[in-house]
Amino acid sequence: MIDLIVAGSGPTGLWLASELRLHGADVLVLEKDPQPTRIVRSLGLHARSIEILDQRGILERFLALGQKYPLRGAFAGLIRPAPDPMDTAHPYLLGIPQNITDRLLAEHAAEVGVEIRRGCELTGLSQDEDGVTAGLADGTQLRARYLAGCDGGRSTVRRLLGVGFPGEPATAETLLGEMEVTADPAVIAAANEEVRKTHLRFGLMPLEDGAYRVGVPAAGVAEDRAVPPTFGEFREQLLAVAGTDFGAHSPRWLSRFGDATRLADRYRDGRVLLAGDAAHIHPPAGGQGLNLGLQDAFNLGWKLAAAIHGWAPDGLLDSYQAERRPVAADVLDSTRAQMELMSLDPGPQAVRRLVAELMDFEDVNRFLIEKITAIGIRYDFGAGPELLGRRLRDVGLKQGRLYGLMHAGRGLLLDQAGQLSTAGWADRVDHVADVSEELDVPAVLLRPDGHVAWAGDDQQDLLSHLPRWFGAAAS
Ligand SMILES: Cc1cc2nc3c(=O)[nH]c(=O)nc-3n(C[C@H](O)[C@H](O)[C@H](O)COP(=O)(O)OP(=O)(O)OC[C@H]3O[C@@H](n4cnc5c(N)ncnc54)[C@H](O)[C@@H]3O)c2cc1C
């Protein structure tokens, strides 16, 4: 019996599988596509995703292949410089195409021992008290203790579970592709400026090697968005929208995406969990989907590991939905709001002007940046100090940095006075006696995902909080 089967080797599935491996669980990733896709969707990572890569010690490889851009407000494309400081040690946006992100995540997964089986489509699912049986398209049956559906917006797992996916269907579609063009860069720049006055989904973006990433509104909404547009359709739309096809030729890939917005009714059904696009979809405004999926996986990984190893306290696995579904609901609302503000109708345009004025207030700008970057997330752990439920940024210690101590994915007590004890939980929680000038609480207990589970200086109080996240003390 495998500990966990992950359906889907997108960023969410790869990160979840890697997190489980850190805890020694036996993980198998099933991926229906025989080869990684060439289609590039996401173009960047926000602060909290950058932090989780840092927390597991693999950020350097992303920095080596990405480009740092200053952190700024970009709500509905309204640009404002970020206030300083923000609550992160990584106050920048990392520009990195999704195919590279996916590749680096796959390499990390392979390094920690994840098995990825390509060309394996999950088509069936049943579960009982002891485990889950996954049926593959070739008739193979596999058995696992848990299964995670990280199989994207059209999730088969979600459908097989019968989990509702309410929301709004797509009303508009955009064609996206990479291709070469013969048009002069000055002509392209002029078209970008002129056409975007009436079609915000239009644009040609130069790539490093001279080709272009081209987006253009589609004529309608395709019945099956999985079917890519033809190059003829693509050029026809360029002609219709911009009056020229820019001499486009040699397409590398073509795709289409819509503006549907949907949220799964539940993230868990018994031993099966949903994460990433399988649980939520929304238009790409603000560039949040991949980031949201990575952070779902980061939240779920250690909890599933705890369940597999038998030390999960009651309710730990359910806290995944309780914490992450409201975050996704908020992202959906934020993208709905951004889409409204990008409408060219007079009403939304008036609201857009008003929001632009409001963004000149630092608190408003900060609030919106914290929303899009996920810096503002605070899980509801009940009453307590301001830090409780928030992710602790990477703080400097007398000996090194905090995130450097969290690569193994364990809990951590940072004890500035060095007078506390986690003795009964030493197999799950590291105890670090060190001092940080950036921290104004005597001690913090961090979950493996870096969220503050407790802050204080009282040993009895600490002992009453440890079991909630880390189960019973070892005897
Ligand atoms: C144009 C565009 C731009 C975007 N820009 C950004 C951005 O800048 N920032 C950002 O954060 N997000 C962005 N996104 C969103 C981002 O691409 C997605 O949110 C992200 O890829 C979701 O990751 P995932 O792993 O959950 O799902 P996916 O990446 O969709 O991966 C799911 C995987 O599951 C596999 N699969 C499906 N069904 C099965 C099955 N039955 N069995 C086995 N395998 C299966 C699929 O082949 C796929 O490999 C953008 C999206 C679009 C369309």
Side-chain angles (χ1 to χ4, degrees), residues 5-17 28-50 66 69 74 93-99 101-102 105-106 109 116-125 134-138 140 142 147-160 170 173-178 201 203 205 213-216 225-226 228 253-260 264 274-297 300 328 331-332 335 372-374:
I5 290 176
V6 177
S9 75
T12 308
L14 290 171
W15 192 247
L16 180 64
L28 173 64
V29 177
L30 303 174
E31 168 56 54
K32 77 174 165 52
D33 289 348
Q35 298 295 331
T37 177
R38 299 184 67 201
I39 295 172
V40 179
R41 290 182 284 165
S42 168
L43 294 178
L45 297 174
H46 289 301
R48 286 294 190 240
S49 301
I50 294 167
Y69 295 99
L93 172 74
L94 184 64
I96 185 163
Q98 184 165 345
N99 56 338
T101 298
D102 288 359
L105 293 175
I116 303 173
R117 270 189 220 164
R118 289 199 158 272
C120 282
E121 181 176 2
L122 179 139
T123 51
L125 185 64
L136 307 191
D138 67 1
T140 310
L142 296 168
L147 187 140
C150 304
D151 50 346
R154 297 180 201 95
S155 171
T156 302
V157 174
R158 188 186 65 233
R159 184 174 51 75
L160 291 170
E173 198 170 273
T174 305
L175 308 184
L176 185 68
E178 279 182 13
R201 288 179 286 123
M205 188 183 103
R213 174 174 167 106
V214 184
V216 63
R225 247 187 319 284
W253 55 261
L254 301 170
S255 71
R256 56 175 95 237
F257 66 92
D259 61 349
L274 297 172
D277 276 16
H280 37 70
I281 53 166
H282 54 82
Q288 297 170 86
L290 186 155
N291 287 272
L292 192 57
L294 277 182
Q295 290 161 41
D296 283 350
L300 176 59
V331 169
L332 262 55
T335 54
I372 286 192
T373 56

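The model shown is predicted, which means the values in this text are computed figures rather than measured ones. Order of listing sets the numbers, starting from 1, for every ligand and every atom in it. Heads up: numbering here begins at 1 and tracks the sequence.
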Considering all heavy atoms, the nearest Leu93-Leu45 contact = CD1-O, 3.4 Å
inquiry  = Among all the protein's non-hydrogen atoms, which is closest to atom 47 (O) of ligand 1, and how far away is it?
reply    = Glu31 OE2, 2.6 Å
message = Tell me whether Leu290 has any N or O atom under 3.5 angstrom from an N or O of ligand 1.
response = yes
note = Closest to atom 24 (P) of ligand 1 among protein heavy atoms sits Thr12 OG1, 3.4 Å
message = With a 4.5 Å cut-off on side-chain heavy atoms, are Glu31 and Pro36 touching?
response = no
ask   = Can you list the atoms of ligand 1 that are under 4.0 Å from a heavy atom of Gly44?
value = 8 (O), 9 (N)
request  = May I ask you to check if ligand 1 and Gly13 share an N or O to N or O distance below 3.5 Å?
outcome  = no
inquiry  = Tell me the closest heavy-atom pair linking Ala278 and Arg158, and the distance in Å.
reply    = O-NH1, 2.9 Å
query = Which atoms of ligand 1 are found less than 4.0 Å from any heavy atom of Cys150?
reply = 32 (C), 33 (C), 34 (O)
ask   = With distance as the sole test, does Asp151 use its side chain to make a donor-acceptor pair with the main-chain N or O of Thr156 at under 3.5 Å?
value = yes
Per-atom contacts, ligand 1 versus Gln98 - under 4.0 Å to a heavy atom = 16 (C), 17 (O), 20 (C), 21 (O), 29 (O)
key: Distance, nearest 0.5 Å, that separates CG of Leu43 from CD1 of Ile96   = 11.0 Å
query = For the atom pair OG1 (Thr123) and NZ (Lys32), what is the distance rounded to the nearest 0.5 Å?
reply = 12.5 Å
message = Can you confirm, on distance only, whether ligand 1 has an N/O atom lying under 3.5 Å from any N/O atom belonging to Leu176?
response = no
request  = Could you check if a side-chain atom of Arg118 sits within less than 4.5 angstrom of a side-chain atom of Asp33, using non-hydrogen atoms only?
outcome  = yes
query = Where is the nearest protein heavy atom to atom 36 (N) of ligand 1: which residue, which atom, and how far?
reply = Asp151 CB, 3.8 Å
key: Heavy-atom proximity to atom 29 (O) of ligand 1, best of Arg41, Glu121, Lys32   = Arg41
Atoms in ligand 1 flagged as close to Gln288, the criterion being non-hydrogen separation under 4.0 Å = 9 (N), 10 (C), 11 (O)
key: Heavy-atom gap Gly286 to ligand 1 smaller than 4.0 Å   = no
task = State, to 0.1 Å, how close Gly215 and Leu176 come at their nearest heavy-atom pair, and which atoms those are.
result = CA-CD1, 4.2 Å
task = Could you tell me whether Cys120 approaches ligand 1 through its side chain, its backbone, both or neither, with non-hydrogen atoms closer than 4.0 Å?
result = backbone
ask   = Is there at least one pair of N or O atoms, one from Arg213 and one from ligand 1, spaced under 3.5 Å apart?
value = no
query = Out of curiosity, Leu290 CG to Asp102 CG, how far, rounded to the nearest 0.5 Å?
reply = 6.5 Å
message = Between Trp15 and Ala297 (side chain of the first, backbone of the second, donor and acceptor by atom type, cut-off under 3.5 Å), is there such a pair?
response = no
request  = Give, for atom OG1 of Thr37 and atom CG of Asn99, the distance between the pair rounded to the nearest 0.5 Å.
outcome  = 8.5 Å
task = For atom 27 (O) of ligand 1, grab the closest protein heavy atom and report residue, atom and distance to one decimal in Å.
result = Gly152 CA, 3.8 Å
ask   = What is the nearest protein non-hydrogen atom to atom 18 (C) of ligand 1, stated with its residue, atom name and distance?
value = Asp277 OD2, 3.4 Å
remark   = On a heavy-atom basis, the closest approach of Val40 and Pro97 is CG1-CB, 3.7 Å
query = If hydrogens are left out, which of Thr101, Leu43, Leu16, Asp33 has an atom nearest to atom 8 (O) of ligand 1, that is, the closest non-hydrogen atom?
reply = Leu43
ask   = Between the candidates Ser255, Ser42, Ala7, which shows the shortest non-hydrogen contact distance to atom 5 (N) of ligand 1?
value = Ser42
request  = Quick one: look up the protein heavy atom nearest atom 31 (O) of ligand 1 and list residue, atom name and how far away it is.
outcome  = Gly10 CA, 3.5 Å
remark   = Among non-hydrogen protein atoms, atom 41 (N) of ligand 1 lies closest to Leu122 O, 3.0 Å
key: Proximal ligand 1 atoms for Gly276, defined as those under 4.0 Å from one of its heavy atoms   = 26 (O)
Test item, Gly293 contacting ligand 1 (heavy atom, 4.0 angstrom) = no
request  = Under 4.0 Å from a heavy atom of Phe257: give me the atoms of ligand 1 that qualify, with their elements.
outcome  = 1 (C), 53 (C)
key: Interfacing atoms of ligand 1 (cut-off 4.0 Å, heavy-atom, Thr156)   = 41 (N)
query = Between Leu30, Leu16, Val29, which is the residue that forms a side-chain contact (heavy atoms from CB on, under 4.5 Å) with Cys150?
reply = Leu16
note = Closest heavy-atom pair, His46 versus Thr373, reported as atoms and distance to 0.1 Å, is CB-CA, 3.9 Å
message = Main chain of Glu173, side chain of Arg225: is a donor-acceptor contact present, judged purely on distance under 3.5 Å?
response = no
inquiry  = Is there a polar contact between ligand 1 and Gly289, counting only N or O atoms under 3.5 Å apart?
reply    = yes
request  = Could you check atom 34 (O) of ligand 1 against the protein and tell me its nearest heavy-atom contact, residue, atom and distance included?
outcome  = Gly8 CA, 3.2 Å
